[in-house]
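Residue numbering restarts at 1 for every chain, and letters A, B, ... go by the order of the sequence lines. Please read these numbers as outputs of a predicted model, since none were measured by experiment.
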Protein chains: 2
Amino acid sequence: MATTTRKRSSKKEEILKTAARMFREKGYTGTSMRDLAEKIGIEAASLYNHIQSKGEILDEIVFSIARDCQEQLENMNASETALQRIESLIRFHTKMMIDHFESYSVMVSEWIHLEEDKLSEFVSDRRRYVKKIETIVQEGIDNKEFKPVSPYVVVLNILSSVRGLEFWQKSAKTHTAEEIEENMVKHLIGGLKL
Amino acid sequence: MATTTRKRSSKKEEILKTAARMFREKGYTGTSMRDLAEKIGIEAASLYNHIQSKGEILDEIVFSIARDCQEQLENMNASETALQRIESLIRFHTKMMIDHFESYSVMVSEWIHLEEDKLSEFVSDRRRYVKKIETIVQEGIDNKEFKPVSPYVVVLNILSSVRGLEFWQKSAKTHTAEEIEENMVKHLIGGLKL
DNA sequence: CCTACCGATCGGTAGG
DNA sequence: CCTACCGATCGGTAGG
């Protein structure tokens, strides 16, 4: 029945959303299934009617965000300049971090706790992702759009800076999301331009 | 006896060093006292002859690095330009991250697991630290050394970028420590200069 | 530094 | 979705 299916999936989504919040606050290993169940208002055992294991929760959180990032990169307009593409990448990641704060934070901080297969999948996905962006930066250097800075360091700096926005939020009064985004671009792109 | 004292303190240092490595690899909550003891070659119970609790180990790792950072900032040459001071700050943090890789990583990633008093001490120390650097950036903007970028975002980006070097190391063959440092400065200072 | 052990808590299952 | 429960493991202590 449609209702049953809808109820099932919305309960699972509630579990994933609550778990993302708790994993961010206390870490994956610092969060117990009992803590999680309590926040949701059921017994720990009942969680297993919706998910298979604690590890599966982490998988779903991490890969759902990772997939979004991969898609955006693949659908990027190849006719744009390197500068335009790097700028839109910074804007995209900044928005992802702000709009999907809990999940994005879990991805960048807790991926280390993925289990064997999922861990190596994530690591190789990320390596491929970073390499692709490095290629864009290198293009920009070859084109004389960018000054000669190590693409490896640039990509690391951009992605790390976005990650650092996990400290923001609290001071949301002093900077709006738009101001954060503009300043991220100004600083990180400014350091690239010739 | 001197020998006893030396042995005691060197054992404690071995515990702290090994713990830093494990906390970085598997997280604070993901590391058990039994894992730690095994790596050192003693029983878990014997750890307590050298340290008081698991939490104390984290305290010592985190605050020893935090103190080094605070000292460097306080001893900074106030007669230098804002640009010179920010540059030397980037260089200092990059070196700290590379030379004290395990402890620095634990500080930036595991401080969240400090207990009550130590946690609030760390948070307020860090806030004060960040504010001081923001002031330097603001000076640079007022002086027309820097373009008008939010000091808040700039400081976040610098410190986050340094943190991101935890992904480096493995590819140590492609970049030396010096190259990393030069490129950090080029990108992050480059984005500030008018 | 060890043996022996504590109560608490962990992720997860059986059976309804 | 719950009760009842599993074996494993946790940080830490007593006592030598």
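We find that NZ of B/K26 is positioned 13 Å from C1' of D/dC10, with the value rounded to whole Å. Summarising the geometry, the separation between CZ on B/R34 and P on D/dA8 is reported as 14 Å, rounded to the nearest angstrom. When rounded to the nearest whole Å, the span between CD1 of A/I51 and C1' of C/dT13 equals 13 Å. The distance from atom CG of B/L47 to atom P of D/dG11 is 10 Å, rounded to the nearest whole Å. Residue A/M33 contributes atom CE, which lies 13 Å from atom C1' of C/dT13 at whole-angstrom precision. Atom OH of A/Y48 is separated from atom C1' of D/dA4 by 16 Å (rounded to the nearest Å). Atom CD in A/E43 sits roughly 17 Å away from atom P in C/dG12 (whole-Å rounding). Taking atom CD1 of residue A/I40 and atom C1' of nucleotide D/dC1, one finds them 13 Å apart after rounding to whole Å.
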A/K132 and A/E74: CA distance, side-chain angles, deciding distance, salt bridge (Lys or Arg N to Asp or Glu O under 4.0 Å) verdict: CA-CA 10 Å; A/K132 272 186 197 162; A/E74 273 154 28; 3.7 Å; yes
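Taking the six-membered ring where tryptophan is involved, the planes of A/Y104 and A/H93 are perpendicular, since the angle between them exceeds 60° and thus also 30°.
When distances run from any side-chain atom of A/K54 to the nucleotides C/dG12, C/dT3, C/dC1, the shortest one goes to C/dG12. If you check D/dC1, D/dG12, C/dC1 against the side chain of B/S53, the one that comes closest is D/dG12. Among the nucleotides D/dT3, C/dC1, D/dC1, the one closest to the side chain of A/A45 is D/dT3.
For C/dC10, one of the phosphate oxygens OP1 or OP2 lies less than 4.0 angstrom from a side-chain nitrogen or oxygen of A/S32.
Between B/E115 and B/K118, no side-chain nitrogen of the basic residue sits less than 4.0 Å from a carboxylate oxygen of the acidic one, so the salt-bridge criterion is not met. Looking at B/E182 and B/R91, a side-chain N of the basic residue comes within less than 4.0 Å of a carboxylate O on the acidic one, giving a salt bridge.
Among the protein residues, B/T31 comes within range of the sugar-phosphate backbone only, with heavy atoms under 4.0 Å from sugar or phosphate atoms but none that close to a base.
As the counterpart of D/dG15, C/dC2 is assigned, both hydrogen-bonding distances of the Watson-Crick or G-U wobble pattern falling under 3.5 Å.
With contacts defined as side-chain heavy-atom distances shorter than 4.5 Å, the pair B/H187/A/L188 qualifies.
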